[in-house]
**Student:** 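Below is the structure I would like to discuss, written out as structure tokens.
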There are 2 protein chains.
Amino acid sequence: MNTLIRREYDYALRICAYLAGRYGQGRVPISRLAKVLLLSRPFTTKIVFRLKNEKIVTTVQGKDGGVYLTNPPDQVTVYDVLHAMGYNSRLNECLAEGHKCPMEDICRLHIFFQQQEEMLINNFKTKKLSEVIMTDGQLKKTVRESL
Amino acid sequence: MNTLIRREYDYALRICAYLAGRYGQGRVPISRLAKVLLLSRPFTTKIVFRLKNEKIVTTVQGKDGGVYLTNPPDQVTVYDVLHAMGYNSRLNECLAEGHKCPMEDICRLHIFFQQQEEMLINNFKTKKLSEVIMTDGQLKKTVRESL
DNA sequence: GTATATCTATACTTTTTTAGTATAATATAT
DNA sequence: ATATATTATACTAAAAAAGTATAGATATAC
């Protein structure tokens with residue numbers, strides 16, 4: 001199966017949605033993120049590393065270190081997170097930069113997909129992290145039920 | 001790069017958009033489809049084979065054989081073609097059938113992506129082949145210019 | 001009835017992408 | 001000092017996508 005949102009991107013969003021719920025409440029160690037979000041620890045590490053480089057999250061090393069969301073959740077969008085992770089998905093390859101299809105200008109399919117993609121990206125840019133917060137309470141409940 | 005519409009699906013759409021422009025005007029051999037749409041012949045063959053099995057196109061063997069659109073272009077949608085090709089792309093894997101995420105019910109990200117996907121599929125179901133026709137005239141012009 | 005143009009059906013190969021792991025190093029609170 | 005964290009990069013394995021090859025069947029024109 002084929003997805004526009006890769007696993008990594010999805011995990012990154014989960015991590016940010018969780019951190020959004022703890023904004024202003026200190027640092028969360030990666031080990032805890034992994035546990036509560038059902039991710040492997042090395043993979044979580046990798047994703048946090050990318051998010052940190054793009055300044056979506058801030059990290060603190062050492063004992064009592066951990067991760068927190070750099071900016072308030074209502075100032076970060078789903079698109080921001082995807083973009084930070086290197087999101088460059090396209091509905092159709094013919095929409096990609098550098099791709100020069102000789103039919104492009106006359107191709108109504110191209111125009112159609114272009115419109116669809118714009119709409120989607122626009123919605124990603126509108127959706128804020130504050131709207132998709134995952135709280136500890138919710139997570140504990142579902143994880144308990146899934147055991 | 002990652003796309004929702006695979007190359008095969010895109011080619012299938014092109015083929016159908018072209019056949020839509022010649023609906024009621026007889027059969028088009030695969031060799032011609034490949035040439036005019038800038039596709040390799042074996043690949044075109046493979047795609048036509050799939051479209052035939054799903055009755056999107058009808059094929060006639062033998063000398064003077066070829067391919068034509070089974071139904072009028074205003075009765076076939078972009079979604080019909082994608083579906084025939086085995087389209088099962090999802091925005092996010094967590095939307096896939098059989099995928100059971102323990103957080104699913106409470107996950108606002110899941111709900112958000114679900115909505116986005118519905119919107120997209122709906123638009124695919126609304127767009128008819130008659131709206132994306134590629135004519136011989138257009139194609140010859142662009143191909144000439146690209147040489 | 002034969003040659004030829006055409007589709008049929010499946011198997012194979014190559015390349016790319018994705019997903020995930022491992023590890024040695026560095027930082028900090030106590 | 002030491003225990004607990006993150007850092008940064010390299011590596012591996014599995015899966016998917018893209019495209020090719022080929023032997024065969026079929027229909028038609030002549």
Side-chain angles (χ1 to χ4, degrees), chain A residues 1-12 14-15 19 26-35 37-68 70 82 85-90 92-94 96 99, chain B residues 1-12 14-15 19 26-35 37-68 70 82 85-90 92-94 96 99:
Chain A
M1 212 217 9
N2 202 15
T3 59
L4 208 59
I5 309 294
R6 310 212 306 230
R7 300 320 287 140
E8 283 185 354
Y9 301 168
D10 183 61
Y11 298 164
R14 285 196 220 171
I15 288 168
L19 291 177
R27 304 149 184 173
V28 182
I30 286 179
S31 55
R32 182 178 172 79
L33 287 174
K35 191 174 176 186
L37 295 170
L38 311 174
L39 306 174
S40 86
R41 195 188 159 138
F43 212 12
T44 310
T45 299
K46 187 165 141 182
I47 292 164
V48 166
F49 173 62
R50 302 252 287 269
L51 291 172
K52 182 213 105 187
N53 281 342
E54 300 297 321
K55 302 198 171 35
I56 296 289
V57 302
T58 303
T59 56
V60 179
Q61 275 191 337
K63 198 158 156 50
D64 273 13
V67 187
Y68 60 91
T70 307
L82 292 175
M85 289 298 292
Y87 176 86
N88 68 342
S89 301
R90 291 294 159 109
N92 191 336
E93 187 171 325
C94 74
H99 188 92
Chain B
M1 214 216 11
N2 202 15
T3 60
L4 208 61
I5 308 295
R6 309 214 306 230
R7 300 318 289 140
E8 282 184 357
Y9 301 168
D10 183 62
Y11 299 163
R14 284 195 220 172
I15 288 168
L19 291 177
R27 306 149 182 174
V28 182
I30 286 180
S31 54
R32 182 180 172 78
L33 287 175
K35 190 173 177 187
L37 295 170
L38 310 175
L39 306 174
S40 85
R41 196 187 159 141
F43 212 12
T44 309
T45 299
K46 188 165 141 182
I47 291 164
V48 166
F49 176 60
R50 302 255 284 272
L51 290 172
K52 181 212 108 190
N53 281 342
E54 299 297 320
K55 303 198 171 34
I56 297 288
V57 302
T58 303
T59 54
V60 179
Q61 273 187 271
K63 200 158 160 43
D64 271 12
V67 187
Y68 60 92
T70 306
L82 292 175
M85 289 299 293
Y87 177 84
N88 67 342
S89 301
R90 290 294 157 110
N92 191 336
E93 188 171 324
C94 74
H99 187 92

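Lettering follows sequence order; numbering is per chain, from 1.
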**Student:** Are T59(A) and dA5(D) close enough that a side-chain N or O sits under 4.0 Å from OP1 or OP2?
**Tutor:** no
**Student:** Taking all non-hydrogen atoms of both residues, which atom of T3(B) and which atom of L4(A) are closest, and how far apart?
**Tutor:** C-CD1, 4.4 Å
**Student:** Can you tell me how far C1' of dA19(C) sits from CD of E93(B), to the nearest Å?
**Tutor:** 10 Å
**Student:** Measuring to OP1 and OP2 of dT21(C), would you say a side-chain N or O of S40(A) lies under 4.0 angstrom away?
**Tutor:** yes
**Student:** Check the distance between dC7(C)'s P and R50(B)'s CZ and give it to me in whole angstrom.
**Tutor:** 18 Å
**Student:** Do the side chain of R27(A) and the main chain of V60(A) share a donor and acceptor less than 3.5 angstrom apart?
**Tutor:** no
**Student:** May I ask you to say what V48(A) touches in the nucleic acid, namely base, sugar-phosphate or nothing, with a heavy-atom cut-off under 4.0 Å?
**Tutor:** nothing
**Student:** Given dG20(C), is OP1 or OP2 found less than 4.0 Å from the side-chain N or O atoms of Y11(A)?
**Tutor:** yes
**Student:** R90(A) CZ to dT17(C) P: how many Å, rounded?
**Tutor:** 15 Å
**Student:** Please report the distance, rounded to the nearest Å, between CD1 in I47(A) and P in dT21(C).
**Tutor:** 11 Å
**Student:** Closest to the F43(B) side chain: dT21(C), dT20(D), dA5(D)?
**Tutor:** dT20(D)
**Student:** Is there a side-chain polar atom (N or O) of K46(B) under 4.0 Å from OP1 or OP2 of dA21(D)?
**Tutor:** no
**Student:** Looking only at the side chain of F49(B) (C-beta and beyond, no hydrogens), which of the listed nucleotides dG20(C), dC7(C), dA9(C) gets closest?
**Tutor:** dA9(C)
**Student:** Check every atom of dA19(C), dT6(D), dA9(C) against the side chain of R41(A) and return the nucleotide holding the closest atom.
**Tutor:** dT6(D)
**Student:** Which nucleotide in the set dT8(C), dT4(C), dT6(C) lies at the smallest distance from any side-chain heavy atom of K63(B)?
**Tutor:** dT4(C)
**Student:** Return the value, rounded to whole Å, for the distance between atom CZ of R27(A) and atom C1' of dA27(C).
**Tutor:** 12 Å
**Student:** Measure CD/E8(A) against C1'/dT17(C) and give the value in whole Å, please.
**Tutor:** 11 Å
**Student:** If you compare all heavy atoms of N88(B) against all heavy atoms of Y9(B), which two are closest, and at what distance to 0.1 Å?
**Tutor:** N-OH, 4.5 Å
**Student:** Considering heavy-atom distances to DNA chain C, does N53(B) or I5(A) have its closest nucleotide positioned more toward the 5' end?
**Tutor:** N53(B)
**Student:** Which atom pair, heavy atoms only, marks the closest approach of R14(B) to L39(B)?
**Tutor:** NH1-CD2, 3.9 Å
**Student:** Expressed as a whole number of angstroms, how long is the span from R6(A):CZ to dT16(C):C1'?
**Tutor:** 12 Å
**Student:** Using atom CG of L51(A) as one end and atom P of dA8(D) as the other, report the distance to the nearest whole Å.
**Tutor:** 14 Å
**Student:** Under the 3.5 angstrom rule, does the side chain of R50(B) hit a backbone N or O of M85(B) as a donor-acceptor pair?
**Tutor:** yes
**Student:** What's the closest nucleotide to the side chain of Q61(B) if the choices are dA27(D), dT7(D), dG19(D)?
**Tutor:** dA27(D)
